[in-house]
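A quick write-up on the structure given underneath.
None of these values were measured; they are calculated from a predicted model.
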Amino acid sequence: MNSGMDRAWDGVIAPPIEGRLSKPRSTGITMVLDKGLGVTALHDLLETAADWVDFWKFTFGTSVMYPRTVLEAKVRLLHKHGVFACPGGTLFEVAWMQQRYDAYLNRLMQLGFGAIEISDGTYPLSLAERQEAIRKAKSLGLKVLSEVGKKDPGDSQPSSVLYDLLRSDFEAGVDYVIVEGRESGKGVGIYDAKGEIIEEDLGVLSQDPQCVERILWEAPLKSQQVALIKRFGCNVNLGNIPTEDLIALEALRTGLRGDTLRDVVRKRVAK
């Protein structure tokens, strides 16, 4: 962890978990979920925590509700702090459903977004449509994040199907594949109805180490963040992090919170 910034405890306290990558990074990605933070609140948060966030998702279709000047101001502020702004996948699905994808891409670029999420969590896409959407977004120089998994538990797919799809998306050129976890973190993706990780599903999706480096696990609950950090290390990619939990997550990644410090202490005592 070394961003070049003079931090309050430098030279006194070192993070107990070493190896946390600084920006710009390709692993250890954090994607924040924004449900409507104001410009001033965003400014204040980034002044404190910009080093710890890589993608900022205007979740669902919430960015449609913004006055254009406000949305542009937020996107500019994110860009200034080295954070990729990204509309939610639901907005992409609406644009595709309404046959307005090209217009959606044009407006997205005009507004200054640097990333796009392509998903079929609610509106179904054929494999050919999915690849076409990825290709067009890549041609504009956008960071492309695709998502696998359905939002309705009744539409859930076997982990083997999701694995094949994420491999196909990587071959199509996406930068990261998001594993659906929703805002709740319960009953979808790799999580059961209580929000606990289904180990068999996690094992299937993470069977290729090269893929794991570019899988972004949606993990809105602290217990999920802790489990994934312990499984894959401090530079695991995590998404759907509430704005208020951004700094707390970084404390988990670096052993500055009891949930992950405990393992460091146990290893030291055992020596």
Note to self: As a quick check of understanding, evaluate side chain to side chain contact (heavy atoms under 4.5 Å, CB included) for C86 and F58, giving each step before the final call.
What the structure shows: CA-CA 6 Å; C86 180; F58 293 77; over 6 Å; no

Item checked: E147 side chain near E117 side chain, heavy-atom distance below 4.5 Å -> yes

Check: Are the aromatic ring centres of F92 and Y101 under 6.0 angstrom apart?
Finding: yes

Check: Okay, side chain of R253, backbone of V236: is any donor-acceptor separation there less than 3.5 Å?
Finding: yes

Next item on the list: Apply side chain to side chain contact (heavy atoms under 4.5 Å, CB included) to the pair D34 and L42, showing each step before the final yes or no.
Entry: CA-CA 10 Å; D34 178 2; L42 175 61; 5.6 Å; no

Next item on the list: Give a yes-or-no answer on whether the side chains of W217 and N237 include a donor-acceptor pair shorter than 3.5 Å.
Entry: no

Next item on the list: Quick one: name the residues clustered hydrophobically with M31, using the 4.5 Å side-chain heavy-atom rule over I, L, V, M, F, W, Y, and just say none if it's on its own.
Entry: I29, F55, F84, L145, Y176, I178, L216

Checklist line | Least distance between heavy atoms, L127 atom then S168 atom | finding: CD1-OG, 3.6 Å

Next item on the list: Could you note down all residue pairs passing salt bridge (Lys or Arg N to Asp or Glu O under 4.0 Å) where residues 231-242 supplies at least one of them, sequence neighbours left out?
Entry: E199-R231

Notebook entry, point to check: Side chains of R182 and N240: do they bring a donor and an acceptor to under 3.5 Å?
Noted result: no

Notebook entry, point to check: Under a 4.5 Å cut-off applied to non-hydrogen side-chain atoms, are K74 and L37 in contact?
Noted result: yes

Note to self: Let's go through L249 and T30 carefully: what are the C-alpha distance in whole Å and the side-chain angles of both, what is the deciding distance for side chain to side chain contact (heavy atoms under 4.5 Å, CB included) to 0.1 Å, and is it a yes or a no?
What the structure shows: CA-CA 9 Å; L249 169 60; T30 295; 3.9 Å; yes

Notebook entry, point to check: Heavy-atom count around E129 CD within 6.0 Å, excluding the residue itself: above 12?
Noted result: yes

Next item on the list: Mind listing the closest non-hydrogen atom pair of W52 and L246 along with its distance?
Entry: O-CD1, 3.6 Å

Check: Could you go step by step and tell me if S223 and E196 meet the side-chain hydrogen bond (donor to acceptor under 3.5 Å, both in side chains) rule?
Finding: CA-CA 8 Å; S223 60; E196 297 178 357; over 6 Å; no

Next item on the list: List in chain and number order the residues that pass salt bridge (Lys or Arg N to Asp or Glu O under 4.0 Å) with E72, two or more places apart in sequence or in another chain; answer none if no residue qualifies.
Entry: R68

Check: Strictly under 6.0 Å, is that where the ring centroids of W96 and Y104 end up?
Finding: no

Note to self: Just verifying a value: how many Å separate I190 CD1 and I197 CD1, rounded to the nearest 0.5 Å?
What the structure shows: 4.5 Å

Next item on the list: Using the test salt bridge (Lys or Arg N to Asp or Glu O under 4.0 Å), find all partners of E183 that sit at least two apart in sequence or belong to another chain.
Entry: K35

Checklist line | Whether Q224 side chain and G185 backbone form a donor-acceptor pair below 3.5 Å | finding: yes

Notebook entry, point to check: How long is the gap from CD1 on I247 to CG on D51, to the nearest 0.5 Å?
Noted result: 10.5 Å

Notebook entry, point to check: Residues in side chain to side chain contact (heavy atoms under 4.5 Å, CB included) with D175, at least two apart?
Noted result: K138, K143, V144

Item checked: Rounded distance (nearest 0.5 Å) linking atom CD of E171 with atom CG of L166 -> 10.0 Å

N/O donor-acceptor pairs under 3.5 Å from side chains in residues 257-270, not counting sequence neighbours:
from : atom 1 : to   : atom 2 : distance (Å)
D259 : OD2    : K222 : NZ     : 3.2
T260 : OG1    : L252 : O      : 2.7
T260 : OG1    : R257 : O      : 3.4

Next item on the list: For R214 and S26, test the side chains for any donor-to-acceptor distance below 3.5 angstrom and give the result as yes or no.
Entry: no

Next item on the list: Go through M109 and L140 one step at a time and tell me if the side chain to side chain contact (heavy atoms under 4.5 Å, CB included) criterion holds.
Entry: CA-CA 8 Å; M109 297 295 290; L140 295 173; 4.1 Å; yes

Notebook entry, point to check: About how many Å separate CD1 of I241 and CD of E218, when rounded to the nearest 0.5 Å?
Noted result: 9.5 Å

